[in-house]
> 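Take this structure, written in structure tokens, and hold onto it; I'll ask about it next.
What you see below is based on every heavy atom in this structure, not just the backbone, and it leaves out hydrogens, waters and symmetry mates.
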Amino acid sequence: MLPIPSVFNQCGQIPVTGTCYLQSGYVYGVGINILDKLEDDQYAYRQKINPYYPFHDEGEWELGKFLVENLTQTQITKFLKLRWFDSLDRAKPSFTTKDFLLDWIDSLPSFAPWKVSKIEFKGYKTVCPMELVWRDVLEVVKQLFSDPTFANHMTFHPHVTNVENKCEYGDYMSADMAWKIQDHLPLGVTQVLIILGSDKTPIMRLTGGIEMHPVFITIGNIDSEVRSKATLRAWRCIAYIPVIKFRVHPDYQSILQARLWHKCMDLVCANLKAAAKDGCFMPDPSCYICHVFTLLVAHFQKAAKAINLSGVHIPHWHDWMFACPSVFLAGEVLHTCHKFFADHPLKWIKEIVGHYELDTRFMVQHKQVGTRHFTKGITHINQMTGHKHRDIQHTIIASIAGAVPPRFICAIHALMEFFYLAQNPVHSPQSLQSMVQALSDFHSFKDTIVQAKARKGKKGIKEDFFIPKLELLQSFDGTIKKLGTLMQFSADLTEQLLITHCKDLFPWTSPQIKDFTEQCVRILNCQESMEMFGLYMLLTSRGVSLVNAIHAKDEDITTTNPALSWVSQVLPDEVRSIHGPQPVRNHFLKGILSEDALTAFQLNVAPDYKSLSPSEICRKYAVLDFDRALANFICRSSLSSGEHSRWDPKYGHFQVWHKFRLQLHSAFQPQVIMPSQVVQAYPPSDDFPFGNCDTVLIDAMGSNGKMSMSISCAYVVALLISCSNLELPSYLSDPLLYIQFFHFISSPDNRPELAMWAVERAYTQDENGNRCREGAVVRVTDVMHAVELIPVYGEAVANGVSSATCLEHYEHFFLNSFMDKESYHTFSTEFV
């Protein structure tokens, strides 16, 4: 039997139990994976002597690969004719012309070669011949299924996962559909899950008006974290479908183009449909032969819109076993949530708040590192990407508070909750129930949108909610239970695939129409051959096995790049040769850890100020109570720890940093380390007259000596230990923060329309009885989370406020629980 799902191999504090479908994933022998097949190449006997044959050595191979990937054929010729190569004491490449080089690249092994087929459409004439550039998609699937790179990132069995005795829906194999279909398959069969994606955007217009639409494929057996990254080789392009103009009346043009699209897809997917009906055998990454059935489980909605079923009498899936358009054309997050938000809720908000006021509320928000700041507002943006939609959603609820009726906020808040919950990477019955309840809450409050006359169309005010995308939201609960989390089928990935897989193809072709498709085929074959040959040479030249060993996930995960993970295990000195997403820097290894070891902190090696006296700190940062705050910290710490020191801070000097990094584990998947967040603490300047400081959630003692959860602006101040000849106590071993407190004044229950915590700036009295901000010095390890505060604007933004002064101008703020998906999950499940 094939390996059990990796979720059961994770070692951690959270218990994971479950059941696998025991009558699936049988092994029928031992074969060879995709890299092993390279050893059966016609020149394999030569490569035993010279691993880089036909190239002379590794350096020449890298030069040839660079030239083919980055230069046109004309540029390669010019490069090889440079006088630089005429020097006798300088080695020349073995290939002396571009034809030699391209012939050598063509001789590299290719397992799913591209080809051109002429398409006939009887009864209709076209402006130009119909030529389909495609390849055998079943061979591509075999290549993906047997790629050892993904050995530790694949699932072969339907299974039920229970985390803390609660059922959990993740990828497709953990959902209901995989288990039900397995019941109808022969004993021991392995499901290979076909996911298709395409984009209706033409990829080139440079060759006489020829246009093509690329079609991409991956398999759902590969973990969604890997499939969601376009640069990780988990996706393959399988066809370039031509966009042809027919010599017919314009009314019939779109119908014929749609039928042509399906005719081409029927040809491309013919072998997949045969394997879905009768099955076939293919090796997995570990060389075990499996009996597989290829099942269509998803076709991104963006592609569904492109194929346009109007007038199509024979869709390409009509004879695909187990394929149901109500399942594989299900709604996904990009269009059903984010595009719906931009087309409808955002327009309702603009109608009530007003363009100027809404833009102002976004423009004056505090700038944080790593978050988008709309310096010109949001109402002027016509073309928005999915990323911009999400960035607006992060702060929209707190931003409109005070400018719209409470019930209107309730409606928008319910939609935001639904969108955030729908994007969970894993789901439980409880999270699904919360998602369904959020949508129900929207329908309960949507009447206020009509009452406010916010919903308008071309003919004026609308009083109905006949919105197809809104209706489609009701299917999310059932879709997640059947197919797993929606984020594994994100349609915005196709836009990225156009860049990573297609942008480098057509600029290198010659504008000669007569052989354009043949040029495309040659370039496509070269690209794939070089990619596989490069990894093969890296491993075999160092004597490494071509089988990637399966290992338990008993360590923190910092990368989703399978090739990088593999090479770092077997050839740690060669990781720089692997392209793609680099691992998240793990500050838990060498950084400063909190007492519970759940948070890591990192400071730059060199401080921004090497030595400042307390008086200089007070003057430079405009914090007059720094001396008193530091003395109180030392007094409290010495009393609680019993450690005392003769060192007097008044005569000490300090190193000072303007920022630090804070790193946490994922709130959804505790073994995953998240990218670190930057917390700023800059002193006043011309651009920031009050300083530029971020806010954090800390667990520390206030100036009154009481322990409480507090929101604090943080100035990063680290003690210069080397300036004293005395031995310092342990509580001075970590960097210190000077902070100014905010107090919680209301909970989410007090403002149900917002469901957010509210805070106000805290004040106290100094020795002279004057009112001043409550400040304190704490250890950096007391910080729990970086948070975002949105001012309570009221009915309108105050005059003279900017993003540089908003945290200083206002006294009351909302703790933004929609800052990102991780924060939302934390504040909705853990924070009390």
Side-chain angles (χ1 to χ4, degrees), residues 162-170 174-176 330-333 336-338 340-341 344-346 348-349 389-390 393-394 396-398 400-401 404-451 455 465-487 667-668 746-757 814-832:
N162 296 308
V163 178
E164 295 182 327
N165 298 320
K166 297 178 182 178
C167 179
E168 185 176 88
Y169 296 98
S174 66
D176 299 341
E332 45 74 43
V333 171
T336 316
C337 292
H338 299 317
F340 165 71
F341 169 78
H344 297 284
L346 186 56
W348 305 337
I349 293 170
H389 295 155
R390 289 191 288 267
Q393 293 168 25
H394 289 167
I396 192 68
I397 300 299
I400 64 175
V404 298
R407 282 175 54 84
F408 183 91
I409 297 182
C410 288
I412 303 301
H413 183 274
L415 282 178
M416 291 303 103
E417 278 201 313
F418 181 90
F419 295 165
Y420 272 65
L421 290 168
Q423 296 175 73
N424 281 2
V426 291
H427 287 274
S428 66
Q430 291 75 16
S431 68
L432 291 177
Q433 179 57 40
S434 298
M435 186 181 71
V436 172
Q437 183 60 50
L439 185 59
S440 177
D441 291 342
F442 167 76
H443 288 294
S444 299
F445 293 108
K446 67 183 180 183
D447 61 293
T448 189
I449 299 171
V450 176
Q451 294 172 5
R455 178 159 157 72
F465 284 87
F466 298 145
I467 305 173
K469 288 185 176 70
L470 178 59
E471 184 175 352
L472 193 57
L473 296 180
Q474 301 179 49
S475 67
F476 275 25
D477 176 53
T479 299
I480 292 171
K481 290 178 180 177
K482 286 189 294 186
L483 301 179
T485 176
L486 297 175
M487 293 307 292
F668 297 99
S746 67
S747 70
D749 295 334
N750 301 127
R751 296 288 297 272
E753 74 276 11
L754 292 170
M756 292 184 184
W757 295 86
F814 294 116
L815 174 58
N816 184 22
S817 56
F818 291 99
M819 178 180 176
D820 53 49
K821 287 178 285 187
E822 291 284 331
S823 298
Y824 174 78
H825 184 75
T826 298
F827 288 119
S828 61
T829 60
E830 301 177 14
F831 182 63
V832 180

> Using the ring-ring contact (aromatic ring centres under 6.0 Å, His included) rule, pick out the option among Phe814, Phe445, Phe442, Phe818 that qualifies with His413.
Phe818
> Working note: Ser444 + Asp441, criterion side-chain hydrogen bond (donor to acceptor under 3.5 Å, both in side chains); need CA distance, chi angles, decisive distance, verdict.
CA-CA 5 Å; Ser444 299; Asp441 291 342; 5.0 Å; no
> side-chain contact (heavy atoms from CB on, under 4.5 Å), that's the test. Do Phe465 and His443 meet it? Break it down for me.
CA-CA 10 Å; Phe465 284 87; His443 288 294; over 6 Å; no
> For the pair Lys166 and Glu168, find out whether any cationic side-chain nitrogen is under 4.0 Å from an anionic carboxylate oxygen.
no
> Testing the basics here: between Met756 and Ser817, what is the closest heavy-atom pair and its distance to 0.1 Å?
CG-OG, 3.9 Å
> List the atom of Ile412, the atom of Ile397, and the distance in Å for their closest heavy-atom pair.
CG2-CD1, 3.6 Å
> Between Ser174 and Gly484 (side chain of the first, backbone of the second, donor and acceptor by atom type, cut-off under 3.5 Å), is there such a pair?
no
> Side-chain contact test, heavy atoms from C-beta onward, threshold under 4.5 Å: evaluate it for Leu473 versus Cys337 and give yes or no.
yes
> Answer with yes or no whether the side chains of Ser747 and Asn750 bring together a donor and an acceptor at under 3.5 Å.
yes
> Check Pro406 against Glu753 and note the closest heavy-atom contact, atom names and distance.
O-CB, 3.5 Å
> To the nearest 0.5 angstrom, please state how far the CG atom of Leu421 sits from the NZ atom of Lys821.
12.0 Å
> Distance check, rounded to the nearest 0.5 Å: Trp757 atom CH2 versus Phe827 atom CZ?
10.0 Å
> I'd like to know if the side chain of Asn816 reaches the main chain of His394, judged simply by a donor and an acceptor atom lying under 3.5 Å from each other, with no hydrogens or angles considered.
yes
> Taking all heavy atoms of Pro748 and all of Ala755, pick out the closest pair and write down the distance.
CB-C, 3.6 Å
> If you round to the nearest 0.5 Å, how far is NE2 of His338 from CD of Gln393?
5.5 Å
> Does the side-chain contact (heavy atoms from CB on, under 4.5 Å) test come out yes or no for Arg407 and Asp447, once each step is laid out?
CA-CA 9 Å; Arg407 282 175 54 84; Asp447 61 293; 2.5 Å; yes
> If you define the side chain from C-beta out and look only at heavy atoms, does anything of Leu439 sit under 4.5 Å from Phe476?
no
> Could you tell me if the side chain of Val333 sits less than 4.5 Å from the side chain of Phe419, heavy atoms only?
no
> Does Thr826 reach the main-chain N or O of Glu822 with its side chain, forming a donor-acceptor pair under 3.5 Å?
yes
> Minimum heavy-atom separation for Tyr169 to Lys481, with atom names?
CE2-O, 3.8 Å
> Can a donor-acceptor pair be found, under 3.5 Å and without considering hydrogens, that links the side chain of Ser431 to the backbone of His427?
no
> Should Leu486 and Gln423 be marked as a side-chain contact (heavy atoms from CB on, under 4.5 Å) after you check the CA-CA gap, both sets of side-chain angles, and the distance that decides it?
CA-CA 7 Å; Leu486 297 175; Gln423 296 175 73; over 6 Å; no
> How many angstroms lie between CG in Leu432 and SG in Cys167, if you round to the nearest 0.5 Å?
9.0 Å
> Is it the case that over 12 heavy atoms from other parts of the model lie below 6.0 angstrom from the CD atom of Glu471?
no
> Counting C-beta onward and ignoring hydrogens, is there a side-chain heavy-atom pair between Ile409 and Leu754 closer than 4.5 Å?
yes
> Before giving the answer on side-chain contact (heavy atoms from CB on, under 4.5 Å), spell out for Ile467 and Arg455 the whole-Å C-alpha distance, their side-chain angles and the decisive distance to 0.1 Å.
CA-CA 11 Å; Ile467 305 173; Arg455 178 159 157 72; 3.7 Å; yes
> Can you find a heavy atom in the side chain of Ile480 that is under 4.5 Å from one in the side chain of Met435?
yes
> Considering non-hydrogen atoms only, spot the tightest contact between Leu472 and Thr336 and give its length.
CD2-OG1, 3.7 Å
